[in-house]
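For the numbers below, each heavy atom of this structure counts, side chains included, while hydrogens, waters and symmetry mates do not.
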Amino acid sequence: MNYSSKYSPLVKKRNPYNLNSIIRKYPLNGPKDGEDSEASLNKCLSIIDIISYGIGSTVGAGVFVSIGIAIATKAGPGTLLSFLFSAIACLISAFCYSEFSARIPVSGSAYTFAYVSLGEFMGWFVGWNLTLEYAISASAVARGWVGYFQVIFKIFGKEAPQWISGYSINEWININPVAPVIIVICTIILVFGIKDSARFNMAITAINLLTITFFIILGSIHVDRSNWTPFLPFGMTGVFSGCSVVFFSYVGFDSVTTLAGEVKNPKRDLPIGIVGTLVIATTLYIGVTLVLSGMVNYLDVSQGSPLSDAFIGNGLDMKWAAMIIACGTLTSLTASTLCSLLGQPRIYLQMAKDGLFFEKFTSMNKKQVPVFGTVFTGVFASILAIVLDLDNLTNMISIGTLLAFTAVCAGVVVMRFRREDGGEDGFPSAFILLILFVFACVFGISSKLGWNMWIQIALGACQAVIIGLVWLKKQINIPTSFRCPFNPILPCLGIVVNTFFIMHLDTPSFYRVAAWTALGSSIYFIYGIRHSKLNQLDTVEDSINH
């Protein structure tokens, strides 16, 4: 819907710089993908395509990139629990995503969900951090891709040249000119169109699954159970720190919702694709963690190429197996890079269609691909892949993912209490959830810093009381499509768990996200708030009221 064409240009424009502009919410019955013919996407994806994209984005990145870091530095064999706890938290968020994606089938993912439920600035905040999440995810996987490329040299007893291994400048910067190659290739593939990209992704995702299955079966023969002792070398604190790292592994099911505008039957297929991706990914993660931590002592697990290195060290000399895994991994990480690059342009597209981001990002080519956003994403991700190392990249991804999950969990609760006219009976649920979020932050900090147990129990009890208050409110807007079970209790638990994990991230990650948010806020207040499509609606309403 084009509000400007519907109303007289003589209506005096309203000053957008006010509190109402920040908290205004996008209409639930606003335009859906496909209604705007100038920026519509090609609805051609089936449920198989959706799950394939989800697995391609999730499984490759998680198994081949972050698992080595988590086992070696965070949780040891207890990384299995990190994946399991993360999966439970993700399942809660997945149910919330599923309710939203069935109710609002547009390509904006958590950005649109937050915009509709929590207001314009919160929508912008989530969308802006999602753009960082997807770009860094592609960059991190590209770094992992280079790491496995070095394994091929190692298998033949040679050292990779420095232009492949990278030039270390300091603890923050490691220049690697090869990392962007895979990003450039995937960007070119995406420009050819979503259907061609789907076929390519399905093929390499099949190779991905075969490679992981090969590792689990062959590796299980060489498991030494003594390597599982101690199971928790860093204690439960290490397990929760591991959760924050491996959350990077679950970014894939979030990216599924960015394809809503290209799914044939989004209300049915998106919930199935979201939950299906999560179940398959978690099963594979647990299997690989058990085998890898059993084959290699946690202190000796490679952080760059853990699966291949497991077969060429620790008394094993199975170069042929390491070569199969290395080649399969290179293909699998190609799928992960492709899927990560796929999501961000669609976030840009939806933000630009809503007027909050630059109009250039709505431009399409003849195959209905947001080509400018796709190329821009590829360039941005390439720059990050050149200069940042793997550990810094994965920590930044985790906090962005967790913030998006938290916002979606809060939004799905708020929507249940909202009347058709946008109002709400009784005490505002959004304010109650804000109080819950604050208590959850303090609770997470208390766990990380090891505060007195009674203080932690008291904080937990306060959160339980707040959740009980939300539960007592009467729900008046229950969707007719997919419903998140046990709402509002389950989404409130999602807020608590996701925030708990956020508080266990390293401090530098907060500085980076704060800097990125400050940059995004400046763009919003200089451009987005002035060009928002809702400005036109607000202007008309003021005119009618006067």
Side-chain angles (χ1 to χ4, degrees), residues 22-33 50 54 89-131 133-134 250-261 263 266-267 269-271 273-275 277-278 343-344 346-354 356-357 400-418 422 424 429-430 433-434 437 477-479 481-484 487-488 490-492 494-495 498-499 532-534:
I22 296 174
I23 63 174
R24 61 191 171 190
K25 301 171 180 65
Y26 198 82
L28 183 59
N29 59 347
K32 305 294 188 293
D33 284 331
I50 290 295
C90 280
L91 184 61
I92 297 173
S93 298
F95 285 139
C96 297
Y97 267 91
S98 297
E99 178 172 321
F100 260 131
S101 62
R103 180 184 284 214
I104 313 171
V106 298
S107 57
S109 184
Y111 152 72
T112 300
F113 304 156
Y115 196 173
V116 169
S117 59
L118 302 177
E120 185 168 284
F121 184 76
M122 275 303 299
W124 170 268
F125 171 78
V126 171
W128 183 248
N129 279 286
L130 277 176
T131 63
E133 171 190 326
Y134 287 119
Y250 288 100
V251 70
F253 91 80
D254 171 83
S255 67
V256 166
T257 58
T258 66
L259 301 173
V263 180
K267 291 189 176 182
D269 293 349
L270 284 176
I274 291 169
V275 177
T277 294
L278 184 60
Q344 183 171 340
R346 282 145 182 83
I347 302 290
Y348 284 147
L349 173 66
Q350 193 62 44
M351 294 171 73
K353 286 168 67 176
D354 294 337
L356 301 184
F357 206 48
T401 305
L402 287 161
L403 285 170
F405 287 0
T406 303
V408 172
C409 288
V412 82
V413 174
V414 171
M415 290 302 297
R416 290 290 188 99
F417 301 117
R418 182 174 299 165
E424 182 176 341
S429 57
L433 294 177
L434 177 61
F437 175 74
N477 188 4
I478 300 175
S481 53
F482 182 90
R483 303 176 188 177
C484 174
N487 193 341
L490 202 62
C492 286
I495 294 173
N498 292 330
T499 306
S532 172
K533 293 293 178 66
L534 295 190

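- Nearest approach of Met351 to Trp128, heavy atoms of both residues: CE-N, 4.3 Å.
- In terms of modelled atom types and a separation under 3.5 Å, the side chain of Lys533 and the main chain of Lys353 share a donor-acceptor contact.
- In terms of modelled atom types and a separation under 3.5 Å, the side chain of Asn477 and the main chain of Phe417 share no donor-acceptor contact.
- In this view, Phe121 and Tyr524, Phe525 satisfy the ring-ring contact (aromatic ring centres under 6.0 Å, His included) rule, not counting sequence neighbours.
- Scanning both residues, Ala114 and Gly123, for their nearest heavy atoms gives CB-CA, 3.8 Å.
- Looking at every heavy atom in both residues, Ser117 comes nearest to Lys25 through O-CE, 3.3 Å.
- Using a 4.5 Å heavy-atom cutoff, the side chains of Tyr26 and Leu534 are in contact.
- Applying the ring-ring contact (aromatic ring centres under 6.0 Å, His included) rule to Phe95 yields no partners; only residues at least two apart in sequence or on another chain are considered.
- Contact record, Val116 with Arg418: O-NH1, 2.7 Å, taken as the closest heavy-atom pair.
- Between Leu490 and the choices Val413, Val412, Ile92, the side-chain contact (heavy atoms from CB on, under 4.5 Å) rule is met once, by Ile92.
- Glu120 and Tyr115 form a side-chain donor-acceptor contact under 3.5 Å, judged by distance and modelled atom types alone.
- Between atom CD1 of residue Ile22 and atom OG of residue Ser532 there is a gap of 12.0 Å, rounded to the nearest 0.5 Å.
- Salt bridge Arg416/Glu424: absent, no basic N to carboxylate O contact under 4.0 Å.
- Within the model, atoms CZ of Phe482 and CD1 of Ile274 stand 8.5 Å from one another, a figure rounded to the nearest 0.5 Å.
- Side-chain contact between Cys484 and Pro491 is present, with at least one heavy-atom pair separated by less than 4.5 Å.
- Side chain of Arg483 to main chain of Pro479: a donor-acceptor pair is present (N/O by atom type, distance under 3.5 Å, no hydrogens or angles).
- Between Leu278 and Ala94, the shortest heavy-atom contact is CD2-CB, 3.9 Å.
- At a threshold of 4.5 Å between non-hydrogen side-chain atoms, the residues Met415 and Phe113 do not count as touching.
- Here the CH2-OH distance, from Trp124 to Tyr111, works out to 8.5 Å after rounding to the nearest 0.5 Å.
- The shortest distance between side-chain heavy atoms of Leu270 and Ser98 does not fall below 4.5 Å.
- Shortest non-hydrogen contact noted between Ala110 and Leu130 is CB-CD1, 3.8 Å.
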Could you give the side-chain donor-acceptor pairs of residues 403-410 under 3.5 Å, partners two or more places apart or in another chain?
unit_1 : atom_1 : unit_2 : atom_2 : d
Thr406 : OG1    : Leu402 : O      : 2.8

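- Between the CZ atom in Phe437 and the CD1 atom in Ile495 there is a gap of 9.0 Å [rounded to 0.5 Å].
- With no hydrogens or angles considered, a side-chain donor-acceptor pair links Asn498 and Ser93 at under 3.5 Å.
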